[in-house]
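All remarks here apply to the structure that follows.
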Amino acid sequence: MPDLSIQERLYPDLPCFGCGQANDKGLQLKSYPLGDSAAAGVAASFTPWPEHDNGLGYLNGGIIGTVLDCHSAAAVMLEAERGGWPPLPGADLSYVTAGLDVRYLRPAPLRDTVELFAAVTHADEPQMTVEVELRFDGRVRARATALWKRWRPRT
């Protein structure tokens with residue numbers, strides 16, 4: 001794997017709670033490309049904190065949604081770089097989340113590292129779609145479809 005994650009390389013100053021490397025209190029998710037194409041996808045590992053408890057000893061659904069969203073962001077920003085779609089004037093990022101359809105399939109552990117996988121399934125300049133999964137012990141625990149749209153700041 002490369003030394004720098006997608007987040008560290010493409011947006012190191014982003015203060016996002018989930019993937020922002022500039023947020024000391026955030027999750028600081030780090031995603032890495034699995035190959036040279038969008039279909040190859042991106043991967044990450046995430047170890048929950050005790051504070052991420054859902055009250056029943058499992059990983060909180062909101063945290064799951066956050067890491068699915070932020071991991072899909074890494075796939076999108078990498079694809080935007082590959083496609084030559086940099087942020088538009090006045091925008092901090094090329095794309096923003098327009099929708100996230102999350103399905104919780106089975107509980108995810110609170111104290112063990114989970115794996116994330118995301119792949120862009122549709123990409124053009126106006127929008128992208130990403131399929132993203134949270135896995136543990138060889139089983140998908142949560143899955144989402146993320147829709148990302150080109151960020152066009154309003155002035």
Side-chain angles (χ1 to χ4, degrees), residues 1-2 4-23 25-49 52 54 58-88 91-109 112-136 138-153:
M1 280 192 197
L4 292 178
S5 69
I6 294 166
Q7 294 88 343
E8 291 168 309
R9 189 173 63 77
L10 295 181
Y11 41 100
D13 299 323
L14 190 70
C16 175
F17 173 74
C19 58
Q21 304 305 296
N23 186 338
K25 294 182 181 178
L27 304 178
Q28 296 194 357
L29 187 65
K30 292 178 174 71
S31 307
Y32 298 90
L34 292 173
D36 295 331
S37 71
V42 299
S45 296
F46 172 70
T47 304
W49 308 341
H52 298 157
N54 72 348
Y58 295 101
L59 183 55
N60 175 278
I63 296 296
I64 291 172
T66 298
V67 296
L68 291 172
D69 181 31
C70 286
H71 188 59
S72 74
V76 166
M77 298 311 160
L78 182 61
E79 185 63 18
E81 178 187 49
R82 289 173 175 164
W85 304 318
L88 296 172
D92 294 323
L93 297 171
S94 300
Y95 292 80
V96 293
T97 311
L100 186 67
D101 182 15
V102 179
R103 298 288 183 241
Y104 300 96
L105 307 174
R106 55 187 54 88
D112 296 304
T113 299
V114 296
E115 303 299 321
L116 298 160
F117 174 78
V120 175
T121 57
H122 167 82
D124 59 27
E125 189 171 1
Q127 70 180 35
M128 293 192 214
T129 304
V130 180
E131 295 296 325
V132 59
E133 294 179 343
L134 183 143
R135 302 172 183 166
F136 176 74
R139 300 178 78 184
V140 176
R141 304 302 171 127
R143 167 181 294 135
T145 301
L147 177 64
W148 289 79
K149 294 206 175 191
R150 192 77 156 119
W151 185 9
R152 300 183 188 286

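Numbering of residues begins at 1 and proceeds along the displayed sequence.
Closest approach of K149 to A98, counting heavy atoms only: CG-CB, 3.6 Å. Here the shortest heavy-atom pairing between A118 and A75 reads CB-CB, 4.2 Å. Considering all non-hydrogen atoms of both residues, G26 and W49 come closest at O-CH2, 3.4 Å. A40 approaches F117 most closely through the heavy-atom pair O-CE1, 3.6 Å. Residues S72 and A146 approach most closely at OG-CB, 3.5 Å, considering heavy atoms. Closest of all the heavy-atom pairs between V42 and L78 is CG1-CD2, 4.0 Å.
When the side-chain contact (heavy atoms from CB on, under 4.5 Å) test is applied to T121, the partners found at least two apart in sequence or on another chain are T129, E131. W151 is linked by a ring pair (Phe, Tyr, Trp, His ring centres under 6.0 Å) to nothing, counting only residues two or more places apart in sequence or in another chain. Residues passing the side-chain contact (heavy atoms from CB on, under 4.5 Å) test with R141 are R106, A108, L134, F136, D137, R139, sequence neighbours excluded. When the side chain to side chain donor-acceptor pair (under 3.5 Å) test is applied to Q28, no partner is found at least two apart in sequence or on another chain. Taking F17 as the reference, N23, L27, I63, T66 meet the side-chain contact (heavy atoms from CB on, under 4.5 Å) condition, with sequence neighbours excluded. Residues passing the side chain to side chain donor-acceptor pair (under 3.5 Å) test with E8 are S5, sequence neighbours excluded.
Distance check: L68 CG to H71 NE2 gives 8.5 Å after rounding to the nearest 0.5 Å. Atom OG in S45 sits 12.0 Å away from atom CG in D112 (nearest 0.5 Å). For the atom pair SG of C16 and CG of L93, the computed distance is 9.0 Å after rounding to the nearest 0.5 Å. Rounded to the nearest 0.5 Å, atoms CG (L59) and CG (N54) are 7.5 Å apart. Going from atom CG of L100 over to atom CG of D69 covers 5.0 Å, rounded to the nearest 0.5 Å. Summarising the geometry, atom CD belonging to Q21 is positioned 11.0 Å from atom CG belonging to L10; distances are rounded to the nearest 0.5 Å.
Two residues are said to be in side-chain contact when any heavy atoms from C-beta on lie closer than 4.5 Å; L29 and L116 meet this criterion. Using a 4.5 Å cut-off on side-chain heavy atoms (C-beta onward), I6 and P33 make contact.
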Determine, stepwise, if the pair C19 / Y11 fulfils side chain to side chain contact (heavy atoms under 4.5 Å, CB included).
CA-CA 9 Å; C19 58; Y11 41 100; 4.0 Å; yes
Residue pair W148, E79: steps toward the side chain to side chain contact (heavy atoms under 4.5 Å, CB included) verdict
CA-CA 12 Å; W148 289 79; E79 185 63 18; over 6 Å; no
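Checked by atom type and distance alone, the side chain of Y95 never pairs as donor or acceptor with a backbone atom of A80 at under 3.5 Å. A donor-acceptor pair under 3.5 Å links the side-chain atoms of Q7 to the main chain of S31, judged by distance alone.
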